[in-house]
Amino acid sequence: MNFNREIKFKLDRLIGIMLSDGVQPNDLANNIFLKDYEKISYTKKDGMIIGELLFYDDEEVTMRYVYNFDMKLMRVEEEVKGKVIVEWDRTIVENTLIQDIVDLMKIHYSHEQINKFISSLPKELQERIENDYQKIA
């Protein structure tokens with residue numbers, strides 16, 4: 001495996017996620033016109049916007065979309081029969097990618113190479129990767 005390619009792939013994916021807002025509430029609201037959707041609602045709670053979409057697919061399913069006030073999708077949950085499954089979580093995905101990048105760099109790069117690499121990144125990303133790197137350095 002080419003570790004440089006792997007780092008670039010993970011970094012590109014991380015940047016893509018950080019730049020993407022995700023599916024927007026107005027796009028989800030249009031689902032109310034589809035046959036299986038029964039209810040769509042949005043509420044503000046604990047500094048977040050929560051959209052719930054209720055539909056039937058052999059049984060009642062509630063999809064929950066959680067947004068911050070910058071309109072970024074933060075989390076998607078599916079609830080069936082009272083059981084909630086996290087389908088996607090921005091924080092978990094970003095943190096996992098950062099940890100993977102740091103782990104690959106630590107194995108294959110010298111301390112100087114890591115510092116040079118980190119300094120070439122956008123400011124927000126520099127801070128996040130540097131913080132993870134410092135935890136294990």
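Each residue takes its place number in the sequence, starting with 1.
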Q: Identify the residue among Glu87, Glu79, Glu78 that makes a salt bridge (Lys or Arg N to Asp or Glu O under 4.0 Å) with Arg64.
A: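 Of the listed options, the one satisfying the test is Glu79.
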
Would you call [X]-[Y] a salt bridge at under 4.0 Å N-O?
{"X": "Glu112", "Y": "Lys116", "answer": "no"}
{"X": "Asp12", "Y": "Lys8", "answer": "yes"}
{"X": "Lys135", "Y": "Asp132", "answer": "yes"}

Q. What do you reckon, is CD of Glu59 surrounded by more than 12 foreign heavy atoms closer than 6.0 Å?
A.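 Yes, because the 6.0 Å sphere around CD of Glu59 holds more than 12 heavy atoms from other groups.
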
Q | CZ/Phe9: more than 12 non-hydrogen atoms of other groups inside 6.0 Å | A |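 Result for CZ/Phe9: open.
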
Side chains of [X] and [Y], heavy atoms from C-beta outward: is any pair under 4.5 Å?
{"X": "Ile129", "Y": "Met105", "answer": "yes"}
{"X": "Glu6", "Y": "Asp100", "answer": "no"}
{"X": "Asp57", "Y": "Asp36", "answer": "no"}

(Q) Would Ile15 and Leu125 count as a side chain to side chain contact (heavy atoms under 4.5 Å, CB included) here? Give the steps. (A) CA-CA 8 Å; Ile15 290 169; Leu125 201 46; 3.7 Å; yes

Can you measure from [atom1] ([X]) to [atom2] ([Y]) and round to the nearest 0.5 angstrom?
{"X": "Phe3", "Y": "Asp103", "atom1": "CZ", "atom2": "CG", "answer": "14.0 Å"}
{"X": "Ile32", "Y": "Phe55", "atom1": "CD1", "atom2": "CZ", "answer": "12.0 Å"}
{"X": "Tyr37", "Y": "Leu53", "atom1": "OH", "atom2": "CG", "answer": "6.0 Å"}
{"X": "Leu104", "Y": "Arg5", "atom1": "CG", "atom2": "CZ", "answer": "13.5 Å"}
{"X": "Arg75", "Y": "Ile92", "atom1": "CZ", "atom2": "CD1", "answer": "6.0 Å"}
{"X": "Asn4", "Y": "Leu11", "atom1": "CG", "atom2": "CG", "answer": "12.0 Å"}

Q | Gln126: partners by side-chain contact (heavy atoms from CB on, under 4.5 Å), with sequence neighbours left out | A |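 Result, side-chain contact (heavy atoms from CB on, under 4.5 Å) vs Gln126: Ile118, Leu121, Lys123.
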
Within one Ile-Leu-Val-Met-Phe-Trp-Tyr cluster: [X] and [Y], side-chain cutoff 4.5 Å:
{"X": "Val66", "Y": "Val76", "result": "no"}
{"X": "Ile85", "Y": "Leu54", "result": "no"}
{"X": "Phe33", "Y": "Tyr56", "result": "no"}
{"X": "Val23", "Y": "Ile49", "result": "yes"}
{"X": "Met74", "Y": "Trp88", "result": "no"}

I'd like to know if the side chain of [X] reaches the main chain of [Y], judged simply by a donor and an acceptor atom lying under 3.5 Å from each other, with no hydrogens or angles considered.
{"X": "Gln24", "Y": "Met71", "value": "yes"}
{"X": "Lys72", "Y": "Met18", "value": "yes"}
{"X": "Arg90", "Y": "Ile17", "value": "yes"}
{"X": "Ser120", "Y": "Phe117", "value": "yes"}

Q.
Please tell me whether Tyr109 and Asn115 have a donor and an acceptor in their side chains that are separated by less than 3.5 angstrom.
A.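 No, because no side-chain N or O of Tyr109 sits under 3.5 Å from a partner of the opposite role on Asn115.
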
Q) Do Gln99 and Asn95 get their side chains close enough for a donor-acceptor pair, meaning under 3.5 Å? A)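 No.
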
Q. Do you know the tightest heavy-atom contact between Tyr67 and Leu28?
A.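 Taking every non-hydrogen atom into account, OH-CD1, 3.3 Å.
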
